[in-house]
Amino acid sequence: MIEDVKLVSQKFDISNAHTLEVALLHGAYGSIEKLFALTPQEVSGIVDQSGLRGKGGGGASAGEKWKLMPLGEDKPSFLVVNCDESEPGTFKDRQIIIKDPHLLIEGIIATCYAIQAHHAYIYIRGEYKPFADILQGAIDEAYQAGYLGKGIFSKDFDVDVTIHRGAGAYICGEKSALLESLEGKRGHPRLKPHQKECEWYFGNPTLVNNVETIASVPYIVQNGSDAYRQYGTPQSPGTLLFALSGHVNRRGVYEAQFGIKMIDYINHYGGGIRGGKKLKAVIPGGASTTILRADEVMEARLDYESMRAMGSSLGTGGMIVMDEDTNMVEALKNLLEFYRHESCGQCTPCRDGSGWVDTIIGNLLKGKASMSDLDKTLAIANTMDGKTICVFAPALADVIRGFVTKFRSEFEAYIRKSKR
Ligand SMILES: Cc1cc2nc3c(=O)[nH]c(=O)nc-3n(C[C@H](O)[C@H](O)[C@H](O)COP(=O)(O)O)c2cc1C
Ligand code: SF4
């Protein structure tokens with residue numbers, strides 16, 4: 001039995017909750033009084049104790065990242081909210097910005113206060129223009145109400161928020177590519193520093209967090225870290241807005257606690273597999289995570305540690321469900337075309353490897369590939385690990401290995417058919 005928990009999606013079913021008037025009737029900005037009664041360090045401490053983890057795919061501890069931001073420096077600090085949301089199968093952040101944008105603004109205010117930043121940028125994918133307009137409407141309302149701008153809520157604290165629209169590149173969701181793009185340059189990921197440090201925007205200390213991570217902050221500030229920890233598991237506390245797509249009866253975005261069984265989630269929220277078909281596989285956390293076979297899905301739990309133990313990852317929590325009729329060779333080809341197109345091209349194993357594997361699988365579909373070509377896809381995937389600037393290529397390697405090793409007989413059947 002699944003207990004419905006709504007910490008971020010409380011107002012999703014209320015009509016017009018994107019307007020300030022309706023949002024206020026339902027508790028919006030309820031954390032602000034408590035926020036300003038605390039010091040910035042206390043706010044960071046509460047978030048750290050809550051165990052909140054980044055919801056953009058990596059699951060990094062939010063508290064640990066916030067602590068990397070220097071307080072009391074001469075240089076200004078910045079908050080950048082990642083709303084690029086281009087990962088196939090992931091469509092949760094847009095629910096927040098269209099259904100409850102004031103929750104995001106409230107989270108931005110709390111986060112800016114904790115890291116002592118006075119300017120936040122929301123980097124939003126170019127294709128989200130209509131959603132960006134709704135968010136801008138909420139930002140305008142917040143300025144008019146004195147919740148944004150100079151001396152917000154009659155306190156000695158200023159916060160400005162600017163939306164920046166991207167131009168449609170998947171790689172601009174990677175935080176350092178995003179910052180390059182925000183600085184007006186080509187969206188290429190930066191080399192990683194040798195030790196842990198904050199991000200840098202025009203040489204100034206910067207925190208980058210996902211939309212849902214920031215939207216989780218008001219609940220934690222208002223109710224405390226223990227309230228958040230009562231949900232989920234000890235290492236993956238709280239909830240996630242899981243997105244469900246593919247061959248289920250009810251596709252959508254439903255918030256749930258970490259740690260519940262994947263199959264229970266699919267049946268409870270998704271209403272089971274469409275047309276009474278059998279389940280074949282699930283891509284668990286956005287396209288860039290290792291596919292799970294039906295038998296693995298039965299065992300899988302929706303938390304970071306369980307998914308890692310299964311050799312996959314929770315990623316963004318965007319589940320793509322595939323029924324027994326799904327052609328795995330065509331499904332992989334579809335994904336490869338995406339990655340080939342979206343590789344930024346800086347690293348040879350990624351730029352050339354993504355194209356080579358796409359070509360081989362294309363040939364396989366046309367009946368022009370051999371068994372050794374199939375092994376070649378795995379050899380190419382192995383060259384992508386640990387040799388590139390960002391994790392785009394290692395993630396793609398996992399995608400290729402997952403499909404080709406777990407569903408190898410389907411790939412071999414194409415080759416055998418063409419030899420007849
Ligand atoms: C190829 C690639 C694409 C990414 N796309 C997104 C994205 O669309 N949204 C997002 O929040 N994080 C994305 N990330 C993760 C970000 O780099 C970063 O870890 C995240 O924004 C940090 O926020 P969080 O700690 O709150 O999750 C992507 C990472 C990679 C490697
Ligand atoms: S791994 Fe791919 S996407 Fe990432 S920097 Fe290298 S070429 Fe660009």
message: Run the side chain to side chain contact (heavy atoms under 4.5 Å, CB included) test on I108 and I122 for me, step by step, so that the C-alpha distance in whole Å, both residues' side-chain angles and the decisive distance to 0.1 Å come before the verdict.
response: CA-CA 10 Å; I108 287 173; I122 304 172; 3.8 Å; yes
- request: Please name the pair of heavy atoms, one in L20 and one in A145, separated by the smallest distance, quoted to 0.1 Å.
  value: CD2-CB, 3.7 Å
field: CG/D295: more than 12 non-hydrogen atoms of other groups inside 6.0 Å
entry: yes
query: Which heavy atom of V404 sits nearest a heavy atom of L374, and at what distance?
result: CG1-CD1, 3.9 Å
query: Who are the side-chain contact (heavy atoms from CB on, under 4.5 Å) partners of E255, not counting sequence neighbours?
result: K6, L7, V8, S9, T239, L241
query: Can you check whether L302 reaches M319 side chain to side chain, under 4.5 Å on heavy atoms?
result: yes
task: Give a yes or no on whether the ring-centroid distance for Y170 and F338 is below 6.0 angstrom.
output: yes
statement: CD (Q346) and CD1 (I389) are apart, to the nearest 0.5 Å, by 4.0 Å
query: Would T289 and T316 count as a side chain to side chain contact (heavy atoms under 4.5 Å, CB included) if you check the C-alpha gap in whole Å, the side-chain angles of each, and the deciding distance to 0.1 Å?
result: CA-CA 9 Å; T289 53; T316 61; over 6 Å; no
- request: Using a 4.5 Å cut-off on heavy atoms from C-beta on, say whether the side chain of F12 contacts that of Q95.
  value: yes
- prompt: Do T377 and W356 touch side chain to side chain, with heavy atoms closer than 4.5 Å?
  reply: no
message: Between S86 (side chain only) and D84 (backbone N and O only), is there a donor and an acceptor less than 3.5 Å apart?
response: yes
- request: Mind checking side-chain hydrogen bond (donor to acceptor under 3.5 Å, both in side chains) for S306 and listing every partner two or more places apart, or none if nothing turns up?
  value: D303
task: Identify the two heavy atoms, one from P394 and one from G386, that lie closest to each other, and give their separation to 0.1 Å.
output: CG-N, 4.3 Å
message: Could you go through I266 and L244, starting from their C-alpha distance and side-chain angles, then the distance that decides it, and tell me whether this counts as side chain to side chain contact (heavy atoms under 4.5 Å, CB included)?
response: CA-CA 8 Å; I266 292 170; L244 194 56; 4.2 Å; yes
- prompt: Are S77 and L207 close enough that some pair of their side-chain heavy atoms sits under 4.5 Å apart?
  reply: no
message: Does any part of the side chain of K185, heavy atoms only, come nearer than 4.5 Å to the side chain of E180, both counted from C-beta?
response: yes
query: Is there any salt bridge (charged side-chain N to carboxylate O under 4.0 Å, His left out) pair reaching into residues 340-351, and which pairs are they, with sequence neighbours excluded?
result: R340-D358
message: Measuring only between side-chain heavy atoms, which start at C-beta, is L35 closer than 4.5 Å to F153?
response: no
message: Is there a side-chain contact between I214 and L79 in this structure, where contact means two heavy atoms from C-beta onward sitting under 4.5 Å apart?
response: yes
- request: Anything under 30° is parallel, anything over 60° is perpendicular, the rest tilted; go ahead and classify Y339 against F392.
  value: perpendicular
statement: Taken in chain and number order and not counting sequence neighbours, the residues that satisfy side-chain hydrogen bond (donor to acceptor under 3.5 Å, both in side chains) with K129 are D133
query: Distance-only, no hydrogens or angles: does the T290 side chain make a donor-acceptor pair with backbone N or O of V399 under 3.5 Å?
result: no
message: If I compare all heavy atoms of A243 with all of G89, which pair ends up nearest, and what's the gap?
response: CB-O, 3.8 Å
- request: Look only at the side chain of R274 and the backbone of H247, and say whether a donor-acceptor pair between them is shorter than 3.5 Å.
  value: no
query: When the ring planes of Y219 and Y228 are compared, do they come out parallel, tilted or perpendicular, using 30° and 60° as the limits?
result: tilted
task: With the side chain counted from C-beta on, respond yes when P76 and H119 share a heavy-atom pair under 4.5 Å apart, and no when they do not.
output: no
- request: Walk me through it: do C390 and I171 pass the test side chain to side chain contact (heavy atoms under 4.5 Å, CB included)?
  value: CA-CA 10 Å; C390 87; I171 197 59; 3.9 Å; yes
Side-chain donor or acceptor of E85 paired with backbone N/O of R94 under 3.5 Å: yes
field: Main-chain N/O of Q41 paired with S44 side-chain donor or acceptor, under 3.5 Å
entry: no
- prompt: Where does the angle between the aromatic ring planes of F157 and H118 fall among parallel (under 30°), tilted (30 to 60°) and perpendicular (over 60°)?
  reply: tilted
Determine all donor-acceptor pairs shorter than 3.5 Å in which one atom belongs to a side chain in residues 196-203; sequence neighbours excluded.
residue: E197; atom: OE2; partner: W200; partner atom: NE1; Å: 2.7
residue: W200; atom: NE1; partner: C198; partner atom: O; Å: 3.3

- prompt: With no hydrogens and no angle check, do the side chains of Y254 and D4 hold a donor and an acceptor under 3.5 Å apart?
  reply: no
task: State which residues pass side-chain hydrogen bond (donor to acceptor under 3.5 Å, both in side chains) with S354; sequence neighbours excluded, sorted by chain then number.
output: none
query: Around H26, counting heavy atoms of other residues, nucleotides and ligands shown, do more than 12 lie under 6.0 Å from its NE2?
result: yes
Partners passing ring-ring contact (aromatic ring centres under 6.0 Å, His included) against F91 (at least two apart in sequence or in another chain): none
- line: Residue pairs meeting side-chain hydrogen bond (donor to acceptor under 3.5 Å, both in side chains), one or both in residues 258-268, sequence neighbours left out, come to none
Salt bridge (charged side-chain N to carboxylate O under 4.0 Å, His left out) contacts in which one or both residues fall within residues 375-403, not counting sequence neighbours: D373-K376, D375-R408, D385-R401, D398-R401
- request: Give the C-alpha distance, both sets of side-chain angles, the deciding distance and a yes or no for salt bridge (Lys or Arg N to Asp or Glu O under 4.0 Å) between K192 and E174.
  value: CA-CA 12 Å; K192 299 279 167 290; E174 195 280 338; 3.3 Å; yes
- prompt: Closest heavy-atom contact between M262 and L292?
  reply: CE-CD1, 4.1 Å
task: Would you name the heavy atoms of S343 and C350 that are closest together and state the gap between them?
output: OG-SG, 3.2 Å
field: Residue pairs fulfilling side-chain hydrogen bond (donor to acceptor under 3.5 Å, both in side chains) with at least one residue in residues 102-112, sequence neighbours excluded
entry: Y29-H102, S31-E106, H102-E141
query: Between the main-chain N or O of L103 and the side-chain N or O of K11, is there a donor-acceptor pair closer than 3.5 Å?
result: no
- prompt: Hey, is the main chain of G56 close enough, under 3.5 Å, to the side chain of E212 for a donor-acceptor pair?
  reply: no
query: Cut-off 3.5 Å, side chains only: do Q144 and D140 have a donor facing an acceptor?
result: no
Pairs flagged by salt bridge (charged side-chain N to carboxylate O under 4.0 Å, His left out) wherever residues 315-331 is involved - sequence neighbours left out: K277-D325
- request: Output all residues satisfying ring-ring contact (aromatic ring centres under 6.0 Å, His included) with Y128, sequence neighbours left out; order by chain, then residue number.
  value: F131
- request: For residues F411 and F403, establish whether the separation of their ring centroids is below 6.0 Å.
  value: no
- prompt: Do R293 side-chain atoms and F407 backbone N/O form a donor-acceptor pair below 3.5 Å?
  reply: no
message: Tell me if a side-chain donor or acceptor on T359 pairs with a main-chain N or O of G355 at a distance below 3.5 Å.
response: yes
- prompt: Between the main-chain N or O of R190 and the side-chain N or O of S176, is there a donor-acceptor pair closer than 3.5 Å?
  reply: yes
field: Check against side chain to side chain donor-acceptor pair (under 3.5 Å), K92 and N210
entry: CA-CA 11 Å; K92 66 188 181 70; N210 168 260; 3.2 Å; yes
